[in-house]
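We count residues from 1, following the sequence as given.
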Amino acid sequence: MTTEALTTEVLPLTTNKVLQRKLIVFACFLVTGMTLIPVVMMVLVAFQSDAESMAAKPSFWPSSWHPENLTRAFELVPLGKYLLNTVYFAAGTTVLETVTAALAAYAFARLNFPGRTWLFGIYLATLMIPSQVTLIPQFVLVAKLHGIDTWPGMILPHAFTALGVFLLRQFFLGIPRDYEEAARLDGANRWQAFVRVIVPLAVPAIATLAVFKFIGQWNNLLWPLIISNSDATRTASVGLQVFQDTNGTQWNLLLMAATVTTVPLIILFFLTQRWFVRGITMSGLGGR
């Protein structure tokens with residue numbers, strides 16, 4: 001076959017691949033733009049005047065910018081206190097769940113004990129139970145333990161999850177046992193091998209679990225809404241509901257408060273996206 005014939009056959013294939021890649025990139029930009037539209041609208045309305053945001057035919061682009069809406073939003077409700085409470089709540093549940101999930105996952109991945117497979121299956125079966133089903137029993141239990149409107153009552157019920165155990169177990173199964181055996185030969189006990197060998201190797205998966213948990217609890221509304229009764233424990237999501245109940249539909253101030261509560265999550269994602277992507281691509285691929 002001549003060089004001209006090879007070039008003629010290869011060129012259409014290359015052109016098709018380039019076209020497909022451009023279409024994929026265009027589709028990604030399109031989906032990203034559609035996803036960002038509500039966020040952009042929220043920010044724009046947040047800087048509008050009261051009359052403009054309440055108009056029957058609102059203009060989403062502000063005719064004049066009102067940065068003082070930020071100060072007004074903080075004056076109407078203790079938004080700073082709500083944000084600090086959200087950090088306590090999200091960080092506390094994230095730390096506890098990461099620790100408990102890592103310990104349980106290591107036990108299911110490395111320890112041999114009777115009924116391990118059955119117990120792990122039952123544990124995973126709890127994922128099929130909607131959280132709304134267990135909401136009332138959790139509330140009754142916390143109430144009997146005098147945990148209403150307290151930080152232990154807010155945090156402890158969400159400090160354990162089967163999803164985190166499954167994620168870390170799959171990652172632990174992909175770590176060669178030779179590393180642990182080498183540490184044991186050097187005199188390390190099982191706990192030392194777990195802390196000094198397994199945990200450092202599992203940082204991507206642990207970071208992914210921590211980011212997922214933190215974001216989930218930052219946006220959690222139902223449980224804090226039921227448990228918290230005062231500003232001492234109210235989170236930002238509950239604070240937005242209180243804001244609307246006490247100040248009506250002042251859309252510019254409400255969306256300014258929503259913007260403030262969203263900014264920390266955006267910053268968190270940009271700071272942890274490297275671990276986030278790495279953990280997503282690596283977790284669950286080495287299980288057996």
Check your understanding: Is a donor on one side and an acceptor on the other found under 3.5 Å between the side chain of Thr100 and the backbone of Ala159?
Key -> yes
Check your understanding: Do other residues, nucleotides or ligands put more than 12 heavy atoms under 6.0 Å from Trp65 CH2?
Key -> yes
Study note, to complete from the structure: The complete set of salt bridge (charged side-chain N to carboxylate O under 4.0 Å, His left out) pairs with one or both residues in residues 203-227, sequence neighbours excluded, reads Glu97-Lys213
Study note, to complete from the structure: The complete set of side-chain hydrogen bond (donor to acceptor under 3.5 Å, both in side chains) pairs with one or both residues in residues 123-138, sequence neighbours excluded, reads none
**Study point:** Atom pair CD (Glu180) and CG (Leu185), whose distance is rounded to the nearest 0.5 Å
**Key:** 12.0 Å
Practice item. Mark yes or no for whether Trp218, through its side chain, and Thr261, through its backbone, hold a donor-acceptor pair below 3.5 Å. Key: yes
Point to revise | Sequence neighbours excluded - salt bridge (charged side-chain N to carboxylate O under 4.0 Å, His left out) pairs with any residue from residues 217-243 | key: Asp231-Arg234
Check your understanding: How far apart are the C-alpha atoms of Val39 and Thr262, what are their side-chain angles, what is the distance that settles it, and do they pass the side chain to side chain contact (heavy atoms under 4.5 Å, CB included) test?
Key -> CA-CA 9 Å; Val39 180; Thr262 305; 5.6 Å; no
Check your understanding: Less than 4.5 Å apart, any side-chain heavy atom of Ile155 and any of Trp223?
Key -> no
Review point. Is there side-chain contact between Leu44 and Val40, with heavy atoms separated by less than 4.5 Å?
Key: yes
Practice item. Please check if Leu135 and Leu163 belong to a single hydrophobic cluster, counting links between Ile, Leu, Val, Met, Phe, Trp and Tyr side chain heavy atoms closer than 4.5 Å. Key: no
Check your understanding: For the atom pair OG (Ser64) and CD (Gln48), what is the distance rounded to the nearest 0.5 Å?
Key -> 9.0 Å
**Study point:** Donor-acceptor pair, side chain of Gln192 and main chain of Asn189, under 3.5 angstrom
**Key:** yes
Practice item. Please list, chain by chain and in numerical order, all residues satisfying side chain to side chain donor-acceptor pair (under 3.5 Å) with Asn85, sequence neighbours excluded. Key: none
Exercise for review: Is it possible for you to say whether Leu141 and Met154 belong to one hydrophobic cluster, with membership spreading through side-chain heavy-atom contacts below 4.5 Å?
Suggested key: no
Revision key, fill the gap. On a heavy-atom basis, the closest approach of Pro224 and Phe89 is CG-CE2, 3.9 Å
Review point. Please walk me through it: do Leu127 and Leu124 pass side chain to side chain contact (heavy atoms under 4.5 Å, CB included)?
Key: CA-CA 6 Å; Leu127 292 174; Leu124 286 184; 4.1 Å; yes
Review point. Which heavy atom in Leu253 sits nearest to a heavy atom in Ala73, and how many Å separate them?
Key: O-CB, 4.0 Å
**Study point:** Test side chain to side chain contact (heavy atoms under 4.5 Å, CB included) applied to Thr71 and Phe74, step by step
**Key:** CA-CA 5 Å; Thr71 305; Phe74 274 87; 5.8 Å; no
Point to revise | CA sep, side-chain torsions, deciding dist, call: Thr235, Tyr82, side chain to side chain contact (heavy atoms under 4.5 Å, CB included) | key: CA-CA 5 Å; Thr235 60; Tyr82 294 159; over 6 Å; no
Practice item. Output the distance between atom CD1 (Ile37) and atom CE (Met42), rounded to the nearest 0.5 Å. Key: 14.0 Å
**Study point:** Nearest heavy-atom neighbours spanning Pro157 and Val142
**Key:** CG-CG2, 3.8 Å
Point to revise | Interatomic distance, His158 atom NE2 to Thr93 atom OG1 [nearest 0.5 angstrom] | key: 8.0 Å
Check your understanding: With hydrophobic residues grouped by side-chain heavy-atom distances under 4.5 Å, do Val165 and Leu96 end up in a single group?
Key -> no
Point to revise | Short side-chain to backbone donor-acceptor contact, Arg110 and Phe172, under 3.5 Å | key: yes
Practice item. Considering non-hydrogen atoms only, spot the tightest contact between Val133 and Pro137 and give its length. Key: O-CD, 3.5 Å
Point to revise | Smallest separation among heavy atoms of Arg177 and Ala109, with atom names | key: NH2-O, 3.5 Å
Check your understanding: Are any of the side-chain heavy atoms of Met34 and Val31 separated by less than 4.5 Å?
Key -> no
Practice item. Kindly compute the distance separating CG (Leu265) from CG (Asn219), expressed to the nearest 0.5 Å. Key: 5.5 Å
Point to revise | Contact list for residues 181-206, test salt bridge (charged side-chain N to carboxylate O under 4.0 Å, His left out), sequence neighbours left out | key: none
Review point. Any donor-acceptor pair under 3.5 Å linking the side chain of Thr98 with the backbone of Ala210?
Key: no
Check your understanding: Looking at Ala183 and Val197, what are the two nearest heavy atoms and their distance?
Key -> CB-CG2, 3.8 Å
Review point. What about Phe139 and Leu222, same hydrophobic cluster or not, with Ile/Leu/Val/Met/Phe/Trp/Tyr joined at side-chain heavy-atom distances under 4.5 Å?
Key: yes
Review point. Taking a hydrophobic cluster as the set of Ile, Leu, Val, Met, Phe, Trp and Tyr residues connected by side-chain heavy atoms closer than 4.5 Å, whether directly or through intermediates, do Leu103 and Ile175 fall within one such cluster?
Key: yes
Review point. Which class fits the ring pair Phe194 and Trp191: parallel under 30°, tilted 30 to 60°, perpendicular over 60°?
Key: tilted
Study note, to complete from the structure: Residue pairs passing the side-chain hydrogen bond (donor to acceptor under 3.5 Å, both in side chains) test with at least one member in residues 147-156, sequence neighbours excluded, are Asp149-Ser230, Asp149-Thr233
**Study point:** Gap separating the CZ atom of Phe214 from the CG atom of Leu268, nearest 0.5 angstrom
**Key:** 6.0 Å
Check your understanding: More than 12 heavy atoms of other residues, nucleotides or ligands under 6.0 Å from CZ of Phe113: is that the case?
Key -> yes
Point to revise | Identified ring-ring contact (aromatic ring centres under 6.0 Å, His included) partner of Phe108 from the options Phe120, Phe166, Phe171, Trp118 | key: Phe120
Review point. Near Leu30 CG, under 6.0 Å, is it more than 12 heavy atoms from other residues, nucleotides or ligands?
Key: yes
